[in-house]
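Structure record follows, encoded as structure tokens.
Quick note: numbers below take in every heavy atom, side chains included, and nothing from hydrogens, waters or symmetry partners.
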Amino acid sequence: NVGKRQLWELQFKNNYNQLVTFNYALTENETDFLTNKRKTLEAQSISKPIELYTNTEDFYVLVDQLSFSVSGVPLIPCKE
């Protein structure tokens, strides 16, 4: 499908009763584990949609460096 791109809208939701901050990355490459964006969400809030264009129907979202403070420390271990 040369020239056919997929448009996605992604939103993050904070189900915690407190502010959260985290790093994230959106990629088509499942081996790309580098987060390059930072997001802060107030308690019980949903982020504005993020538009993502891909060349395939598959993409990956990596989230890490979760914290309950604006400064990003201390980090909270993610559950597997």
Side-chain angles (χ1 to χ4, degrees):
N1 295 345
V2 175
K4 288 187 83 175
R5 297 181 74 193
Q6 305 290 323
L7 170 61
W8 306 90
E9 281 193 355
L10 176 73
Q11 288 181 285
F12 293 102
K13 182 178 180 181
N14 178 2
N15 288 327
Y16 292 102
N17 290 321
Q18 57 189 316
L19 173 139
V20 295
T21 60
F22 55 90
N23 289 355
Y24 73 96
L26 309 171
T27 182
E28 293 179 61
N29 182 350
E30 66 182 316
T31 61
D32 185 1
F33 296 116
L34 179 64
T35 53
N36 57 4
K37 296 179 174 39
R38 186 92 177 138
K39 178 69 76 181
T40 300
L41 287 175
E42 296 294 333
Q44 300 297 319
S45 68
I46 299 174
S47 71
K48 292 181 181 178
I50 299 166
E51 286 189 349
L52 171 67
Y53 289 91
T54 65
N55 292 316
T56 66
E57 292 186 5
D58 296 326
F59 68 93
Y60 303 89
V61 179
L62 174 65
V63 175
D64 65 6
Q65 304 291 312
L66 176 69
S67 177
F68 291 119
S69 71
V70 174
S71 69
V73 288
L75 297 176
I76 308 300
C78 292
K79 295 178 182 176
E80 292 187 22

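Pairing each heavy atom of Pro74 with each of Ser67, the nearest pair is O-OG, 3.0 Å. Residues Glu28 and Asp58 come closest through the heavy atom pair CG-O, 4.1 Å. Across all non-hydrogen atoms, the minimal contact from Trp8 to Thr56 is NE1-O, 4.2 Å. The shortest heavy-atom contact between Gln65 and Arg38 is O-NH1, 3.2 Å.
The side-chain heavy atoms of Thr35 and Phe22, taken from C-beta on, include no pair separated by under 4.5 Å. A 4.5 Å side-chain heavy-atom check between Val70 and Leu19 finds at least one atom pair inside the cut-off.
Here the CZ atom belonging to Arg5 is positioned 7.5 Å from the OG1 atom belonging to Thr54, to the nearest 0.5 angstrom. Here Leu7 contributes atom CG and Leu52 contributes atom CG; the two are 8.0 Å apart, rounded to the nearest 0.5 Å. Between the OH atom of Tyr60 and the CG atom of Leu26 there is a distance of 13.5 Å, given to the nearest 0.5 Å. The CD atom of Gln18 sits 10.5 Å away from atom CD of Gln44, with the distance rounded to the nearest 0.5 Å.
Within a 6.0 Å sphere centred on OH of Tyr16, other residues, nucleotides and ligands contribute 12 heavy atoms or fewer.
At least one donor-acceptor pair closer than 3.5 Å links the side chain of Gln11 to the backbone N or O of Ser47. Here the side chain of Thr21 pairs a donor or acceptor atom with the backbone of Ser69 at under 3.5 angstrom. Asn14 places a side-chain N or O within donor-acceptor distance of the main-chain N or O of Glu42, the cut-off being under 3.5 Å.
Placement of Leu75 and Tyr24 in two distinct hydrophobic clusters is found when ILVMFWY residues are connected by side-chain heavy-atom separations under 4.5 Å, directly or transitively.
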